[in-house]
Amino acid sequence: MNKIYLTLLFLLLLIPSVQAQIPQDSVLNTTWILTRATNTLPIQRQTTLQINTVKYEIKGFGGCNNYTLPIKEIKERKHYTQITTDAIITNDNRCTKNVNDFEQAFLLALSNQKLRVNTDDATLTIVNENKQTFTFSMQPQNPLLNYIEKHAWKLIQLQGNSNRVYHPYLTFDFQNNTVIGYTGCSYFTGKVAISNTFNKIQFFDLEVTKKTCASTNRKVVEKDFIQLLEGETFSFDVAEQTLNLYQDNKLFFMFGFIPKQMTSE
């Protein structure tokens, strides 16, 4: 009999421990958009969240800054999943006071917490130790974003004017909500917020690395180009290999795609 017990014990030791995880098909690599919070309504800029149970981290966009939230432990309970988080990692870019205040409160509510996580169809709910509740909806994948991200986009028409050669171009990284590009004189970086539901894009926090520009025309275009993008929201579509940005149903910018390796002056 002792031999049987010893054999069973040996076999149990050989079986690898199973790490409790949130169902991979419903959460992993899914972008969730905040739709409701306990104490306040979400801000106009989208607040997003992605839970990666392989890398043990939560990543997203708070409305002004990207953030990473390390996960210390994941436990499966009977009716929910418990996630224990570490201190949040984020940068400190400044937006409007309303945006920064909301973002700070949201990130504080997730950091160093035991979070109760539930998923139901296309909804994810997070409740922290202080009973603050955050409800997220699943962000539908917009196939246009993959296409836009693969290319660089060179300006070919500005406010209806296509009777000149334009030099600015853009490239996008939608995983990190960033845009980088060239104004015709200088390079710039910035942030974007995407609404897949309504095909809208907002540009903000654009920073230009100033360079000497001998061309007066390029200086004028640079100034106009940045000013017209900064803080603005556009509807967008892709048609016949052009990326088109609209305001009030009027075509504002038209970009033609070029290979990314050609994005040098």
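What you are looking at is a predicted structure, and each value in this text was computed from that prediction instead of being measured.
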Can you hop from Ile201 to Leu144 via hydrophobic side chains spaced under 4.5 Å? yes

For a side-chain contact (heavy atoms from CB on, under 4.5 Å) check, start with the C-alpha distance between Leu243 and Ile148, then their side-chain angles and the critical distance, and finish with the verdict. CA-CA 8 Å; Leu243 170 62; Ile148 292 170; 3.8 Å; yes

Any side-chain heavy-atom pair of Val179 and Thr189 under 4.5 Å: no

Answer yes or no: is there a side-chain heavy-atom contact under 4.5 Å between Thr178 and Val192? no

Is there a side-chain contact between Phe188 and Thr183 (heavy atoms, below 4.5 Å)? yes

Applying the 4.5 Å side-chain criterion to the ILVMFWY set and letting contacts propagate, would Ile156 and Ile258 be lumped into a single cluster? no

I'd like to know if the side chain of Glu57 reaches the main chain of Thr68, judged simply by a donor and an acceptor atom lying under 3.5 Å from each other, with no hydrogens or angles considered. no

For a side-chain contact (heavy atoms from CB on, under 4.5 Å) check, start with the C-alpha distance between Phe136 and Thr31, then their side-chain angles and the critical distance, and finish with the verdict. CA-CA 9 Å; Phe136 300 80; Thr31 298; over 6 Å; no

Any idea which heavy atoms bring Glu232 and Gln247 closest together, and the distance? OE1-NE2, 2.9 Å

To the nearest 0.5 Å, tell me how far Thr96 OG1 sits from Phe102 CZ. 12.0 Å

Do Thr81 and Ile74 make a side-chain contact, defined as non-hydrogen atoms from C-beta onward lying under 4.5 Å apart? yes

Is it true that a side-chain atom of Tyr182 and a backbone atom of Gly184 form a donor plus acceptor pair closer than 3.5 Å? yes

Shared ILVMFWY cluster between Ile88 and Ile71, side chains joined below 4.5 angstrom? yes

Rounding to 0.5 Å, atoms CG (Leu124) and OG1 (Thr35) come to a distance of 10.0 Å

Can a donor-acceptor pair be found, under 3.5 Å and without considering hydrogens, that links the side chain of Asn52 to the backbone of Lys55? yes

Keeping the roles fixed (side chain from Thr85, backbone from Asn112), state whether a donor-acceptor pair exists under 3.5 Å. yes

Parallel, tilted or perpendicular: which fits the ring planes of Phe61 and Phe204, with parallel below 30° and perpendicular above 60°? tilted

Thr38-Gln132 side chain donor-acceptor pair, cut-off 3.5 Å: no

Main chain of Tyr166, side chain of Lys154: is a donor-acceptor contact present, judged purely on distance under 3.5 Å? yes

For the student: nearest non-hydrogen atoms of Thr47 and Gly63, plus distance: OG1-N, 4.4 Å

Is there a donor in the side chain of Ser186 and an acceptor in the side chain of Glu222, or the other way round, less than 3.5 Å apart? yes

Enter the distance from Lys75:NZ to Gln82:CD here, rounded to the nearest 0.5 Å. 6.5 Å

Are the side chains of Leu170 and Phe225 in contact, using a 4.5 Å heavy-atom criterion? yes

Pair Lys200-Ser235, side-chain donor/acceptor within less than 3.5 Å: yes

So does Thr90 get a backbone contact from the side chain of Asn65, meaning a donor-acceptor N/O pair under 3.5 Å? no

May I ask you to decide if Phe253's main-chain N or O and Gln157's side chain share a donor-acceptor pair within less than 3.5 Å? no

Run Phe234 and Phe252 through ring pair (Phe, Tyr, Trp, His ring centres under 6.0 Å) and show every step you take. CA-CA 9 Å; Phe234 302 89; Phe252 212 84; 5.7 Å; yes

Does Glu207, at its CD atom, have more than 12 non-hydrogen atoms belonging to other residues, nucleotides or ligands within less than 6.0 Å? no

Give the C-alpha distance, both sets of side-chain angles, the deciding distance and a yes or no for side-chain contact (heavy atoms from CB on, under 4.5 Å) between Leu115 and Val127. CA-CA 6 Å; Leu115 304 175; Val127 183; over 6 Å; no

Rounded to the nearest 0.5 Å, how far does CG of Asp173 lie from NZ of Lys191? 13.5 Å

Please report the shortest heavy-atom distance between Pro70 and Ile89, naming the atom on each side. CG-CD1, 4.1 Å

Output, in order, the C-alpha distance, side-chain angles, deciding distance and verdict of side-chain contact (heavy atoms from CB on, under 4.5 Å) for Gln50 and Trp32. CA-CA 6 Å; Gln50 290 180 328; Trp32 299 90; 5.9 Å; no

Can you tell if the side chain of Tyr246 reaches within under 4.5 Å of the side chain of Phe236, non-hydrogen atoms only? no

Is there a donor-acceptor pair under 3.5 Å between the side chain of Asn128 and the backbone N or O of Asn130? yes

Side chains of Thr53 and Ile51: does their closest heavy-atom pair fall under 4.5 Å? yes

Donor-acceptor pair, distance only, cut-off 3.5 Å: does the side chain of Thr233 make one with the backbone of Gln202? no

Distance col, row Gln113:CD vs Asp86:CG, nearest 0.5 angstrom, shows 12.0 Å

Taking the inter-plane angle between the rings of His151 and Trp153 on a 0 to 90° scale, is it parallel (under 30°), tilted (30 to 60°) or perpendicular (over 60°)? perpendicular

Give a yes or no on whether Phe172 and Leu245 share a hydrophobic cluster (residues Ile, Leu, Val, Met, Phe, Trp, Tyr; joining criterion: side-chain heavy atoms under 4.5 Å apart). yes

Establish, from distance only, whether the side-chain atoms of Thr242 and Asn244 form a donor-acceptor pair under 3.5 Å. yes

Closest approach of Ser111 and Ala87, non-hydrogen atoms and distance? OG-CA, 3.4 Å

Looking at every heavy atom in both Cys64 and Asp205, which two are closest together, and how far apart are they? SG-OD2, 4.2 Å

Does Lys114 use its side chain to pair, donor to acceptor, with the backbone of Glu129 at less than 3.5 Å? no

Between Arg94 and Asp92, is any pair of side-chain heavy atoms under 4.5 Å apart? yes

For the side-chain contact (heavy atoms from CB on, under 4.5 Å) test, which of Leu34, Leu49, Thr125 pairs with Phe134? Leu34

Work out which heavy atom in Tyr147 is nearest to a heavy atom in Gln241; give both atom names and the distance. OH-CG, 4.0 Å

Count I, L, V, M, F, W, Y as connected when their side-chain heavy atoms are under 4.5 Å apart, and connections chain through other members. Are Leu251 and Leu158 then in the same cluster? no

Give, for atom CG of Asn118 and atom OH of Tyr80, the distance between the pair rounded to the nearest 0.5 Å. 9.0 Å

Partner set under side-chain hydrogen bond (donor to acceptor under 3.5 Å, both in side chains) for Gln104, not counting sequence neighbours: none

